[in-house]
Amino acid sequence: MPSEFDLIRRHFDRAATHCDLAVGDDAALMRPSPGMQLAVSTDMLVAGTHFFADADPALLGWKTLAVNVSDIAAMGALPRWALLAIALPAADEAWIAAFAGGLFDCARAYAVDLVGGDTTRGPLNMTVTIIGEVPAGQAITRDGGRAGDDLWVSGQPGQAALGLAALQGEASLNDEGRRRCLDALHRPQPRVALGLALRGVASAMLDVSDGLLGDLGHILERSHVGAIVDIAALPLAPLLATGAAATTARRCLLSGGDDYELLFSAPPARREVIQEMARRLALPLHRIGSLTGDTGVLLLRESDGTLHPGAAAGYDHFG
Ligand code: ADP
Ligand code: MG
């Protein structure tokens, strides 16, 4: 039976590239760059709540770090360091090696150093704490949205939820669609480059983890504004015309979680800059509506032009 220390040394201790002291001592030592603020966030993934206990460990490793990187991206910050607290029901080394492999794939892809953590026996769950840097005062928060701003979203929100619906037999997709949706569900690509590019451009921003309308509700609340969302402008709107599957598609597009795309507002004067950004980053950015002065009111504009209240229901663990 490997000891806790064997497990840490074998699986979680890798050379760090931008930290003075990483795994192995009582605490890690990092040097924030001059003039930077630290952006710090933590996210927990619990078996049975956020993933199936028999999920592919490599994909789980990727996602555990990726969802945290996404929170840093959503501030317009650069992710730098992470800590991993993990509870494992048993010392299953093949599982741990695969999990660590996926986690370090993500760490390499986003240049994040794993600098420490904690390893204990217990019901399977992983908590990452991530630290990023942003020039002081330039972080993009949820509270800067103004009436009249455009509302934008990156990528194809709804794909991850469609992938989950496909796994559960609730959505039928063609092979290519299924592959893309499962990829979105299992290997989210946090939009770090976009977040950085939007500094000084976006007025408010967050990442879509709990569903488009639910997360938009957080911007409305913090910015004291309302919003109109154009259903026809949603990137996956064509799926809403597909007969029997339309109800599932609508739920996935409007309230499906796990996308980790960026939802942001920006003044209309910034449209060209944002479209140019989309070309440069080769990442589709969709203008899906606008912010209004009607504090807290979220309206949906259907493709026939009718307006009706949209419930801002996202995923709520206690709801
Ligand atoms: P302590 O007894 O001081 O809490 P630990 O024995 O828990 O220290 O951890 C030893 C070292 O290994 C520390 O540097 C800690 O940050 C690191 N560590 C423990 N678990 C992990 C993990 N899952 N991933 C990365 N580093 C870890
Ligand atoms: Mg410890």
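Position 1 is the first residue of the sequence; numbering continues from there.
Atom-to-atom distance recorded for L185:CG and F51:CZ is 13.0 Å, nearest 0.5 angstrom.
Ring geometry for F264 against W152 counts as parallel: the plane angle stays under 30°, on a 0 to 90° scale with 60° as the upper cut.
F104 carries R14 over the face of its six-membered ring, with the cationic atom under 6.0 Å from the centre and within 45° of the normal.
Using a 3.5 Å distance cut-off with no hydrogens or angles, the side chains of E4 and T119 do not pair a donor with an acceptor. The closest side-chain donor-acceptor pair between S33 and E133 falls under 3.5 angstrom. Using modelled atom types and a 3.5 Å distance limit, the side chains of S203 and D149 yield a donor-acceptor pair. Residues T292 and D294 bring no donor and acceptor atom of their side chains to less than 3.5 Å of each other. Using modelled atom types and a 3.5 Å distance limit, the side chains of D150 and S290 yield no donor-acceptor pair.
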Test log, rule side chain to side chain donor-acceptor pair (under 3.5 Å), inputs S223 and D143: CA-CA 4 Å; S223 295; D143 61 4; 5.8 Å; no
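Salt bridge R250/E302: present, at least one basic N to carboxylate O contact under 4.0 Å. A salt bridge is absent between R180 and D183: the closest approach of a Lys/Arg side-chain nitrogen to an acidic carboxylate oxygen does not fall below 4.0 angstrom.
Side-chain heavy atoms closer than 4.5 Å link hydrophobic residues (I, L, V, M, F, W, Y) into clusters, and following such links, even through other members, never connects L285 to L151.
Closest of all the heavy-atom pairs between L236 and G158 is CD1-C, 4.2 Å. When all heavy atoms of D210 and D215 are compared, the pair lying nearest together is N-OD2, 2.9 Å.
A side-chain contact (heavy atoms from CB on, under 4.5 Å) with V128 is found for exactly one of D71, L114, L65, I86, namely L65.
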